[in-house]
Amino acid sequence: MRILIVEDDETLADGLTVGLRLSGFTPEHVATCADAREALGQDGFAGVVLDLMLPDGSGLDILGELRAKGSRLPVLLLTALDDVRDRIAGLDAGADDYLGKPFDLEELGARLRAILRRGEGRATAELAWNGLVVDPARMRGCRDGAEMAFSQREFVILTALMERPGAILDKAALEERLYGWQEGVESNTVEVHVHKLRAKLGADFIETVRGAGYRLAGP
């Protein structure tokens with residue numbers, strides 16, 4: 001899932017980017033309100049990690065603009081302003097969660113997964129389809145009692161399909177999950193990783209719908 005990080009501390013932002021990527025997310029970083037507005041004008045983000053104190057304004061302004069437009073995009077506030085009143089103000093402004101600095105990267109990943117899960121209407125973290133159960137926190141799966149490991153990009157594609165079983169996802173939608181909005185896209189990445197997933201899960205686990213994209217095969 002693509003996550004926008006809005007944070008002006010470059011060292012912290014680098015740590016967030018590495019940590020979230022290791023947790024299976026596709027993080028993208030901007031450092032100002034202006035850049036955040038530009039990034040959020042693009043489609044494809046699943047959630048936002050938003051600092052409040054930015055060089056050209058407040059993260060609450062960004063949050064307020066999103067909610068005024070009717071956006072339900074999950075937002076986790078991440079800030080040194082961790083007084084109870086600050087937390088209440090952030091949550092009342094429309095944030096889905098609030099985490100004070102300093103913080104634990106594993107807890108941040110867990111909180112992100114929780115608000116994204118709620119936004120999708122899922123009660124549990126695990127995804128299941130056709131005998132395969134995957135755990136987003138560990139980026140691993142289990143099938144017929146055997147544990148299965150996946151690369152980060154394989155897991156991104158697999159979970160994208162398992163989040164919407166039966167739906168056809170075109171190549172562009174899967175590329176959005178794999179790449180940042182400013183990254184160059186490799187032409188055959190999706191095909192390569194779908195091929196690797198089929199080698200692990202069976203040739204008929206993922207269907208190619210000619211001219212449309214990919215979907216999970218029926219039970």
Side-chain angles (χ1 to χ4, degrees), residues 1-5 7 12-29 44-49 73-76 78 96-167 169 173-180 183 189-206 214-217 219:
M1 292 185 177
R2 292 173 65 205
I3 301 295
L4 180 65
I5 300 168
E7 170 59 62
L12 177 56
D14 287 345
L16 283 167
T17 299
V18 172
L20 291 181
R21 194 175 298 280
L22 289 173
S23 294
F25 296 103
T26 302
E28 304 177 45
H29 169 236
F45 288 105
V48 182
V49 175
L73 185 68
V75 175
L76 186 152
L78 185 66
D96 298 274
D97 202 353
Y98 197 115
L99 190 59
K101 301 175 183 177
F103 58 90
D104 182 86
L105 274 172
E106 289 188 8
E107 180 183 3
L108 173 63
R111 286 176 179 266
L112 268 178
R113 288 190 293 272
I115 63 174
L116 294 172
R117 183 169 69 244
R118 289 197 300 270
E120 296 166 356
R122 292 190 288 115
T124 63
E126 292 182 339
L127 297 166
W129 184 258
N130 215 5
L132 175 68
V133 179
V134 298
D135 179 1
R138 297 170 60 239
M139 284 198 295
R140 287 184 173 270
C142 183
R143 195 179 195 188
D144 298 327
E147 191 167 276
M148 307 184 73
F150 303 96
S151 72
Q152 192 263 347
R153 287 190 168 179
E154 289 170 4
F155 197 78
V156 167
I157 291 175
L158 179 60
T159 53
L161 293 167
M162 292 185 73
E163 286 163 6
R164 300 181 60 192
L169 299 186
L174 293 173
E175 287 173 341
E176 279 189 354
R177 297 284 291 261
L178 290 169
Y179 293 99
E183 286 185 283
T189 297
V190 171
E191 291 87 347
V192 167
H193 291 298
V194 167
H195 175 76
K196 291 180 178 179
L197 285 168
R198 285 172 172 156
K200 294 179 179 181
L201 298 169
D204 58 351
F205 193 86
I206 299 173
Y214 301 94
R215 68 180 172 195
L216 297 182

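Counting from 1, the numbers follow the sequence of the chain as shown. Note: hydrogens, waters and symmetry copies are ignored here, and every other heavy atom, side chains too, is used.
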Participant: Could you tell me whether a side-chain N or O of Asp104 sits under 3.5 Å from a main-chain N or O of Glu106, the two making a donor and an acceptor?
Facilitator: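 Checked: pair present.
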
Participant: Is it true that a side-chain atom of Arg143 and a backbone atom of Leu201 form a donor plus acceptor pair closer than 3.5 Å?
Facilitator: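 Looks like yes, one N/O pair under 3.5 Å.
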
Participant: Can you give me the closest heavy-atom contact between Arg21 and Pro27, atom names plus distance?
Facilitator: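 Residues Arg21 and Pro27, closest heavy atoms: NH2-O, 3.7 Å.
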
Participant: How far apart are the closest heavy atoms of Leu22 and Met139, and which atoms are they?
Facilitator: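 For Leu22 and Met139, the tightest heavy-atom pair comes out as O-CE, 3.0 Å.
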
Participant: Would you check if the side chain of Glu176 reaches a backbone N or O of Phe45 as a donor-acceptor pair within less than 3.5 Å?
Facilitator: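 Side chain of Glu176 to backbone of Phe45, a donor-acceptor pair under 3.5 Å: no, none is there.
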
Participant: Indicate the atoms forming the closest heavy-atom contact of Pro74 with Ala46, along with that distance.
Facilitator: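 Closest heavy-atom pair between Pro74 and Ala46: CD-O, 3.3 Å.
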
Participant: Report yes if the side chains of Phe155 and Arg138 come closer than 4.5 Å at any heavy-atom pair, otherwise no.
Facilitator: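 With C-beta onward as the side chain, the pair stays apart.
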
Participant: Within the structure provided, determine whether Leu216 and Ile206 are in side-chain contact (heavy-atom separation under 4.5 Å).
Facilitator: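 A side-chain contact exists here, since the closest heavy-atom pair is under 4.5 Å.
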
Participant: Does Arg113 reach the side chain of Phe25, with side-chain heavy atoms less than 4.5 Å apart?
Facilitator: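 They are in contact (side-chain heavy atoms under 4.5 Å apart), so the answer is yes.
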
Participant: Search all heavy atoms of Leu105 against all heavy atoms of Gly19 and return the closest pair with its distance.
Facilitator: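 Closest approach of Leu105 to Gly19: CD1-CA, 4.1 Å.
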
Participant: Kindly give the heavy-atom pair with the smallest separation between Ser151 and Lys200, and that separation in Å.
Facilitator: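 Taking Ser151 first and Lys200 second, the nearest heavy atoms are N-NZ, 4.3 Å.
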
Participant: Could you measure the distance from the CZ atom of Arg111 to the CG atom of Leu76? Nearest 0.5 Å is fine.
Facilitator: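 Separation between the atoms: 7.0 Å.
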
Participant: Going by side-chain hydrogen bond (donor to acceptor under 3.5 Å, both in side chains), name the pairs with one or both residues in residues 125-136, residues two or more places apart or in two chains.
Facilitator: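 Passing the test, one end in residues 125-136: no pairs.
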
Participant: Quick check for you: to the nearest 0.5 Å, what is the distance between Thr189 atom OG1 and Leu178 atom CG?
Facilitator: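 Reported value, rounded in 0.5 Å steps: 7.0 Å.
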
Participant: Working to the nearest 0.5 angstrom, can you tell me the gap between Ile157 CD1 and Gln152 CD?
Facilitator: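 The CD1 atom of Ile157 sits 10.0 Å away from the CD atom of Gln152.
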
Participant: How about His193 and Leu174: do any of their side-chain heavy atoms sit closer than 4.5 Å?
Facilitator: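 Contact flag for His193/Leu174 side chains = no.
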
Participant: Would a 4.5 Å heavy-atom cut-off, applied to side chains only, mark Leu108 and Leu16 as touching?
Facilitator: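 Leu108 reaches Leu16 side chain to side chain.
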
Participant: Starting at OG1 of Thr17, measure out to CG of Leu12 and round the result to the nearest 0.5 Å.
Facilitator: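 Thr17 OG1 to Leu12 CG: 9.0 Å, rounded to 0.5 Å.
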
Participant: Once rounded to the nearest 0.5 Å, what's the spacing between atom CG of Leu197 and atom CZ of Arg153?
Facilitator: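 The CG atom of Leu197 sits 13.0 Å away from the CZ atom of Arg153.
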
Participant: With a cut-off of 6.0 Å (strictly less than), are more than 12 heavy atoms of other residues, nucleotides or ligands near CZ of Arg198?
Facilitator: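 Counting neighbours around CZ of Arg198, more than 12 heavy atoms of other residues, nucleotides or ligands fall under 6.0 Å, so yes.
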
Participant: Any idea which heavy atoms bring Tyr214 and Glu191 closest together, and the distance?
Facilitator: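 It is OH-CG, 3.6 Å.
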
Participant: Could you grab the distance from atom CG of Leu20 to atom CG of Leu112, nearest 0.5 Å is fine?
Facilitator: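 Between Leu20 CG and Leu112 CG, I get 6.0 Å after rounding to 0.5 Å.
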
Participant: Taking Phe150's backbone N and O only, do any of them form a donor-acceptor pair with Lys196's side chain (distance below 3.5 Å, no angle check)?
Facilitator: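 No, the answer is negative, given that no donor and acceptor are paired below the 3.5 Å cut-off.
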
Participant: Could you check whether any side-chain N or O of Asp96 sits under 3.5 Å from a backbone N or O of Val75, counting only pairs where one atom can act as donor and the other as acceptor?
Facilitator: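 At least one qualifying donor-acceptor pair exists.
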
Participant: Lys101: what forms a side chain to side chain donor-acceptor pair (under 3.5 Å) with it, not counting sequence neighbours?
Facilitator: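 By the side chain to side chain donor-acceptor pair (under 3.5 Å) rule, Lys101 matches Glu7.
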
Participant: Using a 4.5 Å cut-off on heavy atoms from C-beta on, say whether the side chain of Leu161 contacts that of Phe205.
Facilitator: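 No, too far: nothing below the 4.5 Å cut-off.
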
